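Taking it in order: structure first as structure tokens, then the write-up.
Chain A is the first sequence line, chain B the second, and so forth, proteins listed ahead of strands; every chain is numbered from 1. A quick note: this is a predicted structure, and the numbers were derived from the prediction, not measured.
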Amino acid sequence: MLAAAQKDEKKDQALKNHVGHPQTGRDCPFTLLNSPISHTQYPYVTGTSVLGIKYKDGVLLASDMGGSYGSTLRYKSVQRLKPIGKHTLLGAGGEISDFQEIVRYLDELILYDNMWDDGNSLGPKEVHNYLNRLMYNRRNKFNPLWNTLVLGGVKNGQKYLGTVNMIGVHYEENHVATGFGNHLARPIFRDEWHEDMTFEEGVKLLEKCMLVLLYRDRSAVNKLQIAKITEEGATISEPYAIKTHWELEAFKNPATGAVGSW
Amino acid sequence: MFRNQYDTDVTTWSPAGRLFQVEYAMEAVKQGSAAVGLRSKTHVVLVCVGKANSEFSSHQKKIFKVDDHIGVAIAGLTADGRVLSLHMRSECIHYKFLYDSPLPVGRLVVQLADKAQVCTQRSWTRPYGVGLLVAGLDETGPHLYQNCPSGNYFEYQAFAIGARSQAAKTYLERKFETFPECSRNELIRHGIISVKEALAEGKLNGSNCNVAVVGIGEAFNTLDSKAVQQIIDSLEDRADEPPVDVAPVEGEQGAVQDDTDQAAAPMET
């Protein structure tokens with residue numbers, strides 16, 4: 001029975017021009033026999049910026065709900081902020097499927113941590129380090145998880161905010177961003193962020209930056225969520241839109257300065 | 001215990017539901033020289049008697065540092081103890097590498113117990129012949145655990161294992177209710193006195209008495225033999241007087257400066 005199935009497979013392979021790779025033994029297209037083994041991917045469905053800031057009671061994260069397929073704004077209800085356990089929030093830019101995989105790994109990690117049932121729990125620092133190990137290990141195998149992650153949390157009164165990316169670069173900061181957020185939002189954070197902001201001040205700052213991103217980042221969509229994590233736990237807001245303004249003079253009579261030839 | 005027909009294999013039950021090989025392994029622990037552990041709200045102390053083979057040889061190493069926040073005292077087959085300490089160190093380092101955080105003591109102890117249990121259920125490995133007193137500090141506070149060859153583990157306020165441990169335990173039973181509020185140095189003194197009870201012959205001195213401490217603000221460290229000698233001498237001077245607060249002795253790194261500092265630990269909820 002098994003032998004017959006294997007024989008069929010061999011026949012299929014021969015038809016599809018597949019052979020066993022001389023080095024790995026695994027299935028390999030004939031035309032790739034002479035190329036080096038490489039797994040580096042290209043991202044397919046991607047999320048854009050994630051912003052994170054520390055504030056008085058904890059950490060605030062913001063992101064939009066867009067999943068781009070190249071230059072097409074394909075998916076508009078992708079949740080890119082997720083709670084991890086009791087103490088942490090995770091936000092991701094980059095390949096959405098890889099983010100989903102990471103959430104699966106972390107949920108498993110938290111599950112085993114909870115199963116100890118012993119009064120100890122993994123805090124944001126531990127999760128951040130675990131993620132860094134994960135991302136860096138994948139990078140070393142030339143098979144990265146194509147994401148930039150923002151990790152925020154509070155444990156025992158200690159606020160934590162950090163970031164990790166697909167090559168394993170990681171650090172902690174009072175305000176972080178991924179992708180375009182680094183170029184458009186961080187300068188605003190540097191000017192306007194201060195220690196112990198109130199919740200309202202924090203949200204206002206994040207919305208200001210999300211508005212700039214909405215105007216200037218082509219992969220941004222006007223449907224965003226803000227997530228908050230404090231000692232009490234994590235909450236992610238319902239999706240909402242922010243008001244944009246197009247009453248600039250230049251938009252009112254677009255053809256004024258450029259008379260067409262026909 | 002006498003020999004019987006059910007004690008050859010660890011995989012043979014006796015009709016009374018006992019595994020004699022495991023019980024014999026626990027006997028091996030009782031043959032080792034005494035080890036005592038005691039805990040306060042802020043510190044855990046381990047005190048041991050280290051036997052020497054002869055006048056010329058060094059004294060037995062009974063206390064092992066496992067990580068900055070955990071240490072272990074052994075009684076029984078020293079080689080088994082050493083191997084388990086190595087395993088514990090490896091576990092701690094691995095956790096630190098993954099999570100950039102110290103391994104919670106309770107979790108290490110459970111892993112150790114599970115490892116010991118394996119040997120009670122295979123016919124090709126024997127149980128470990130060593131009892132361990134694991135002293136450690138994590139975010140839930142200071143802890144003292146005992147690990148048995150049977151794969152059981154227990155948490156204690158104070159405990160003693162090894163030869164004549166009952167004598168040490170009797171002293172601890174009298175005093176243990178005062179331990180939570182004891183200062184670091186008082187705790188060490190209680191430990192040394194209780195270990196003295198377990199000494200059959202000869203005198204306790206800085207060479208044959210190993211003392212180690214771990215606590216809030218103090219990484220696990222073994223006291224210098226000179227420092228131990230000083231404490232033993234001061235005990236002799238005072239005889240039965242109640243312990244008096246003394247400044248931390250030489251040779252300790254990061255020791256708590258003020259004996260009367262009993263502020264609640266940040267970990268205490």
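Only the side chain of Asn156(A) comes within contact range of chain B, with at least one heavy atom under 4.5 Å from a heavy atom of that chain. Tyr95(B) touches chain A through its side chain: at least one heavy atom from C-beta onward sits under 4.5 Å away, while N, CA, C and O do not. Contact annotation for Asp113(A): both backbone and side-chain heavy atoms come within less than 4.5 Å of a heavy atom of chain B.
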Output, in order, the C-alpha distance, side-chain angles, deciding distance and verdict of side chain to side chain contact (heavy atoms under 4.5 Å, CB included) for Val110(B) and Trp116(A). CA-CA 10 Å; Val110(B) 172; Trp116(A) 282 99; 3.7 Å; yes
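Taking CG from Leu98(B) and CG from Leu131(A), the interatomic distance works out to 11.0 Å, rounded to the nearest 0.5 Å.
Sorted by first and then second residue, the pairs that involve residues 61-71 of chain B and meet salt bridge (Lys or Arg N to Asp or Glu O under 4.0 Å), not counting sequence neighbours, are Lys65(B)-Asp68(B), Asp67(B)-Lys96(B). Contacts classified as side chain to side chain donor-acceptor pair (under 3.5 Å) and involving residues 48-63 of chain A (residues at least two apart or in different chains) are given here: Thr48(A)-Asp217(A). The salt bridge (Lys or Arg N to Asp or Glu O under 4.0 Å) pairs that include a residue from residues 196-206 of chain A are Lys159(A)-Asp196(A), where partners are two or more places apart or lie in different chains.
Across Leu122(A) and Tyr99(B), no two heavy atoms sit closer than the pair CD2-CD2, 4.0 Å.
Of the possible polar contacts, one joining the Lys125(A) side chain to the Asp100(B) backbone as a donor-acceptor pair under 3.5 Å is found. Asn120(A) places no side-chain N or O within donor-acceptor distance of the main-chain N or O of Pro104(B), the cut-off being under 3.5 Å.
Close approach to chain B, defined as a heavy atom under 4.5 Å from one of its heavy atoms, is seen in no residue of residues 97-106 of chain A.
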